[in-house]
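Report on the following structure.
Just so it is clear: chains get the letters A, B, ... in the order the sequence lines come, proteins before strands, and each one is counted from 1. Side chains are part of it too, since the values below use all heavy atoms of this structure and drop only hydrogens, waters and symmetry mates.
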There are 2 protein chains.
Amino acid sequence: MNLSNTARYAIRVISYMAYNKKELYTASELVEALQISDKYLKRILTTLSQHHIIRSIQGRHGGFAITGRPEDITIYDIVAAIEVIDKYYGCVLGFEVCSDEHPCALHKKWAPIRDELVQFLNNNTIADVMTTEFNKF
Amino acid sequence: MNLSNTARYAIRVISYMAYNKKELYTASELVEALQISDKYLKRILTTLSQHHIIRSIQGRHGGFAITGRPEDITIYDIVAAIEVIDKYYGCVLGFEVCSDEHPCALHKKWAPIRDELVQFLNNNTIADVMTTEFNKF
DNA sequence: TTTAAATAATACATATAAGTAGTATTTAAA
DNA sequence: TTTAAATACTACTTATATGTATTATTTAAA
């Protein structure tokens, strides 16, 4: 499937934040813990807060906090915040229009797999990912 | 899933060649028919012939010909010729090692979908794709 | 044996994703 | 009100996929 690297990093951060149960994390703290490039992670954090998956507190005692409960944050939410989610709905063969009404040659076989894929993103949440194993990354 | 553009072009060319049942096609002829950039298509053709999906005849009366029967050329074959096929087997979360023995948090749920995906590529052939509809592209 | 018509190879250009650096802004303590 | 500690923004760099241009090689007809 190939989630983008950026999306994977995003999942890792949120997972880490949820797992360690602190209210507020500074960017530096997360950089330290997750070993992701400073500026890159900060940009990801800003993007995530713009999409209300986390909220940011600016200023001296600022940082980032998860907004919802881990079991309410889906992988889909995070991927949609980072990537253009449309591409997960597109035609395998690259046709502009490809639907049940105007199917490409593989549409009928592909559609169910694509649906499973989207369901996978929707059915799995940070609660499913935030294991010790994952945060050992 | 996102096959690369290049892979999609490759599928289109092979499909076109199979559908029109000519023995030999020149690159220019295929460029004309499929409206893909001249040099780009030629490079794709060379790659495909290096992977023995088509064979090339150099020189004055040269061109390209499909080597096998359409029903024997899988989408997987073509994608594997064009892309690094490994990425279709990788971990959703991006772990270096992720297997039944050392699974990531989502491995158990992801593995079956990934397998279906690979099966999809393997079970569908040019014979399945070479419809009029497709070649109207 | 020259030449035209084809493929092959190499190098260059452009677009996008990934990653980095520097500057601006915000906030509250000193 | 200055300053330190934080996030936000903008611009730059690097890597990879996509696409283009040029030159070399191959082949067979003239």
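- In this structure B/Asn5 satisfies the side chain to side chain contact (heavy atoms under 4.5 Å, CB included) test together with B/Tyr9, sequence neighbours excluded.
- Nearest-nucleotide mapping onto DNA chain C: of A/His61 and A/Asp38, the residue sitting toward the 5' end is A/Asp38.
- Within the structure, side chain to side chain donor-acceptor pair (under 3.5 Å) pairs that include any residue of residues 46-57 of chain A comprise A/Glu23-A/Arg55 (at least two apart or interchain).
- If you take OH of A/Tyr9 and C1' of C/dT20, they are 13 Å apart, rounded to a whole angstrom.
- Two different hydrophobic clusters hold A/Leu45 and A/Ile57 under the rule that ILVMFWY side chains link at heavy-atom gaps under 4.5 Å.
- In terms of modelled atom types and a separation under 3.5 Å, the side chain of B/Arg43 and the main chain of B/Asp38 share no donor-acceptor contact.
- Qualifying side chain to side chain contact (heavy atoms under 4.5 Å, CB included) partners for A/Ala127, counting only residues two or more places apart in sequence or in other chains: A/Pro70, A/Glu71, A/Thr125.
- Heavy atoms of B/Thr6 sit under 4.0 angstrom from primed sugar atoms or phosphate atoms, though from no base atom.
- Within residues 75-82 of chain B, no residue approaches DNA chain C, by heavy-atom distance under 4.0 Å.
- The two residues A/Ala65 and A/Leu24 have their closest heavy-atom pair at CB-CD1, 3.9 Å.
- Nearest heavy-atom pair, A/Ile78 versus A/Ile14, reported as atom, atom and distance to 0.1 Å: CD1-CG1, 4.0 Å.
- For B/Asp72, the side chain to side chain contact (heavy atoms under 4.5 Å, CB included) criterion is met by B/Arg69, not counting sequence neighbours.
- The distance from atom CG of B/Leu30 to atom C1' of C/dT7 is 13 Å, rounded to the nearest whole Å.
- Running 5' to 3' along DNA chain D, contacts with non-hydrogen atoms of chain B at under 4.0 Å begin and end at D/dT18 to D/dA29.
- The 5' end of DNA chain C is approached more closely, in terms of each residue's nearest nucleotide, by A/Tyr40 than by the other of A/Tyr40 and A/Gly59.
- B/Ser4 comes within 4.0 angstrom of sugar-phosphate atoms only, judged by non-hydrogen atoms across all strands, and of no base.
- Atom CZ of B/Arg55 and atom C1' of C/dA8 are 18 Å apart (whole Å).
- If you check residues 42-54 of chain B against DNA chain D, the residues with a heavy atom closer than 4.0 Å are B/Arg43, listed by number.
- Hydrophobic clustering (ILVMFWY, side-chain heavy atoms < 4.5 Å, transitive): B/Val129 and A/Ile113 are in one cluster.
- In the hydrophobic clustering (ILVMFWY side chains linked at under 4.5 Å, chained through shared members), B/Val97 stands by itself.
- By the ring-ring contact (aromatic ring centres under 6.0 Å, His included) test, A/Tyr88 is found to be paired with no residue, residues two or more places apart in sequence or in another chain being considered.
- Residue A/Thr26 is the one, among A/Thr26 and B/Arg60, whose nearest nucleotide of DNA chain D lies closer to the 5' end (criterion: closest heavy atom).
- For DNA chain C, the stems formed by at least three consecutive Watson-Crick or G-U pairs, with both atom-pair distances below 3.5 Å, span C:1-30 with D:1-30.
- In plain terms, the two heavy atoms of A/Ile53 and A/Ala81 that are nearest each other are CD1-CB, 3.7 Å.
- Residue B/Asn5 contributes atom CG, which lies 12 Å from atom P of C/dT16 at whole-angstrom precision.
- Under the side chain to side chain contact (heavy atoms under 4.5 Å, CB included) criterion, A/Lys87 pairs with A/Glu83, B/Asn2, sequence neighbours left out.
- One can place CD of A/Glu83 at 13 Å from C1' of C/dA18, the figure rounded to the nearest angstrom.
- Here A/Ser37 reaches the OP1 or OP2 of C/dT20: one of its side-chain N or O atoms lies under 4.0 Å away.
- Among residue pairs with one or both ends in residues 108-128 of chain A, those qualifying as ring pair (Phe, Tyr, Trp, His ring centres under 6.0 Å) are A/Trp110-B/Phe120, A/Phe120-B/Trp110; sequence neighbours excluded.
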